[in-house]
Amino acid sequence: MKGIFQLRFREQLGTILVIILGHLGVAGLIVWSYEAFMEETGFMVQMFSQFEDLFRGFIGVGFSLDELTASYLGMTWRHPLILFILMGFGVSRSLGISREIDSGTGDLLFSLPLRRSKIILAEFITTSVGLLIINLSLVLGVYFWSRVLSIQDIPGFYGFFWVFIISFFLHIMFSAFSLFIVCIVKSARKATAWSIGIISVLYLGDFLAGMQPQIEAIHPFTVFYHYQVPEALAGNALWFETLLFLILTLVFFTAASFFIQRRDL
Amino acid sequence: MTVLKTEKMTKVYPSGDGVWDIDLEVKEGEIFGFLGSNGAGKTTTIRVLLGLLHPTSGKVEVLGTNPLEKEGIEKRKEIGYLPGELALYEQHTGGTILDFFSGIFGYQNSNRKEVMDALSFNSRDLKRKVGEYSRGMKQKLGLIIALQHQPRVVFMDEPTTGLDPLIQLEVYKLLKDFVSPGGTVFMSSHNLSEVERVCDRVAIIREGKIIALEEVGELSRRKVYNVEFSLNPQISRKELEEIGLKEPVIVENLVKGKIPGSPDAFLRRILDRGEIHDLKWERGRLEDIFLEYYRPEVGDEK
């Protein structure tokens, strides 16, 4: 298992470094623009009020000045682009197993003297370590720049800590979900389509359920509803959400282990 | 000692293709050839033996264990494998890949250097990325992966694909050296001369079923001789067939045909009938026997 971890970590190291550098840049931009944002808050509150439903659907919070401060940073983590980068990393690493089976390198990998479940565990741990580093870089980046630029009213370290926790668990949960899809679907193309398709539908469902009261009942099932970054930045501990993502991670990983053992390669 | 055994092993894919009722028994120290055309079921059989595929029915034992069970997975430490369509991690160097596999197998005594020397694989190439390797070099690297941990049994799916003839000879020597202290090789091939050169026994698989299982020496004894001679006086085609000439063709005085087995008896009989001139004869190849097995049976064409 250690050998697989080392090989995979070496493979993903370049990607991780690029994402970390990107995150440090993005974090600087966020913090720098935050100051300008706060100067224009009055105008922004007025402007966002015009699109209350849309805004609520997108970031899931209301419109008081304090909430809006947290929402601004909250958008950072809930922004589709950041979600795409973070989730893309975890999901693509999981889908890599499917690509290995298709390309033939899986033949040598799965004929090793290791149980298949151990092999995917090694892969999953490597991906999780990568996600841990990437998530940490974004949180530390924002925190670092806010201190360097002496920005006032930025949430405290405790808030950022919870953002990191909730973000990390959401992403490993989706990584485990993709791993599960890989283990039940035959080809890499199908696994990619199903993984990205289902995650996109959940994201869209979260967005629409936030906008349309008629479908609000489905909101908790969209998963993203529980990704309460503004709440975390406001300094609230998100034990329930973290536990939920952790349980879902374990469920998906256990199911993946079960199915990989029984499928043909 | 039996290294590998299957009883009525069947693997059927949802498409209906597969292998049926495969009965094999391979002994220690043997080079066993698995011969068949493309799509006959060679790779499927090897993948079942390695535990990559679940058999639909029947029994599979490698080194005394079921390859899908815990003990079987543990036994893979004593197994080497060279896949047919070898794919390697191209972004890594050859050295990284060899270290990766040796690390997983966790062996103490590596014969990596010996295998590399036998295959004329330069150690400087281990520092290059596999993506830069030629096909032949990748195949050599695959052979080193399969053999570097001194396995007890090695499965090879078309091992000499992409190798030049000189290196092929080195591979044959390497395999002979590997089995002499008790190693076992199970290799698939559609290269008959390769099988004839290195294998002790051979099974021929056709459309997912084993149609012949014999010692290579026995198969060789079944070879035919292609003969050509002038005969005076002429005798009829029927007479030629009666004295043992197969598929006779007569053009004026010239007679052509095939003699199964030893040509001695035929030559004695033909000399009793008259004088022969311009006798030419050559040993038929194993291919001819193979093609005999693959000749469509009566009714197949419908």
Side-chain angles (χ1 to χ4, degrees), chain A residues 1-18 92-93 95-123 125-127 130 182-188 190 257-265, chain B residues 11-14 18 43-44 46-56 62 65 67-93 96-107 130 138 141-142 145-146 149 151 154-155 157:
Chain A
M1 249 175 75
K2 191 179 149 200
I4 297 175
F5 177 80
Q6 284 170 341
L7 188 82
R8 293 292 184 242
F9 194 74
R10 199 181 289 193
E11 278 172 14
Q12 65 181 29
L13 197 59
T15 314
I16 291 173
L17 288 175
V18 169
S92 73
R93 292 300 311 178
L95 292 172
I97 296 175
S98 196
R99 286 194 295 272
E100 283 216 30
I101 295 169
D102 277 13
S103 71
T105 51
D107 268 17
L108 280 173
L109 186 68
F110 286 99
S111 61
L112 292 173
L114 291 170
R115 284 180 76 82
R116 292 177 186 179
S117 53
K118 270 197 174 176
I119 292 170
I120 64 163
L121 177 64
E123 302 274 3
I125 288 173
T126 320
T127 306
V182 163
C183 296
I184 58 168
V185 169
K186 287 279 175 190
S187 71
K190 279 184 185 169
S257 301
F258 177 83
F259 284 106
I260 193 79
Q261 214 66 37
R262 278 149 190 83
R263 68 167 279 184
D264 283 337
L265 296 167
Chain B
K11 172 67 193 174
V12 186
Y13 295 107
T43 301
T44 298
I46 289 181
R47 289 169 71 81
V48 173
L49 292 169
L50 281 161
L52 292 169
L53 297 176
H54 293 71
T56 309
V62 179
T65 58
L68 284 161
E69 287 178 357
K70 196 181 167 191
E71 296 77 25
I73 292 166
E74 191 63 28
K75 280 281 179 193
R76 286 184 198 164
K77 282 185 178 169
E78 298 171 41
I79 294 173
Y81 174 41
L82 175 71
E85 286 170 22
L86 179 66
L88 295 162
Y89 303 112
E90 308 229 324
Q91 68 273 44
H92 292 290
T93 63
T96 304
I97 290 179
L98 291 181
D99 290 342
F100 166 68
F101 284 100
S102 59
I104 300 266
F105 281 93
Y107 49 77
V130 173
K138 284 181 191 168
L141 190 68
I145 292 170
H149 60 294
V154 61
F155 292 91
D157 200 352

Spacing of [atom1] belonging to [X] relative to [atom2] belonging to [Y], to within rounding of 0.5 Å:
| X | Y | atom1 | atom2 | value |
| --- | --- | --- | --- | --- |
| E85(B) | D107(A) | CD | CG | 9.0 Å |
| L82(B) | S111(A) | CG | OG | 10.5 Å |
| F110(A) | R76(B) | CZ | CZ | 10.0 Å |
| R262(A) | L68(B) | CZ | CG | 11.0 Å |
| L53(B) | R263(A) | CG | CZ | 10.5 Å |
| L108(A) | F101(B) | CG | CZ | 4.5 Å |

Checklist entry - Among L88(B), L52(B), I97(B), which has the most heavy-atom pairs under 4.5 Å with chain A? => result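 Sorted descending by pairs with chain A, the first entry is L52(B).
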
Item to check | Greater than 12 external heavy atoms within 6.0 Å of K138(B)'s NZ | outcome: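 Enclosed: over 12 neighbouring heavy atoms sit under 6.0 Å from NZ of K138(B).
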
Next on the checklist: Please find the pair of heavy atoms, one from E74(B) and one from P113(A), that lie closest to each other, and give the distance.
Outcome noted: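 Closest heavy-atom pair between E74(B) and P113(A): O-CB, 4.3 Å.
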
Next on the checklist: Could you report the tightest heavy-atom contact between S103(A) and A87(B), atom names first, then the distance?
Outcome noted: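 Closest heavy-atom pair between S103(A) and A87(B): O-CB, 3.3 Å.
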
Item to check | Non-neighbouring partners of Q91(B) that pass side-chain contact (heavy atoms from CB on, under 4.5 Å), sequence neighbours left out | outcome: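 Counting only residues at least two positions away or on another chain, Q91(B) forms a side-chain contact (heavy atoms from CB on, under 4.5 Å) with E11(A), Y89(B).
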
Next on the checklist: What I'd like to find out is whether the side chain of K11(B) reaches to under 4.5 Å of the side chain of D264(A), using heavy atoms alone.
Outcome noted: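 A side-chain contact exists here, since the closest heavy-atom pair is under 4.5 Å.
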
Checklist entry - Checking heavy atoms, do the side chain of L86(B), its backbone, both or neither come under 4.5 Å from chain A? => result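 For L86(B), the contact with chain A is made by the side chain alone.
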
Checklist entry - Would you find a donor on one side and an acceptor on the other, under 3.5 Å apart, between the side chain of R115(A) and the backbone of E69(B)? => result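 No: the side chain of R115(A) does not pair with the backbone of E69(B).
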
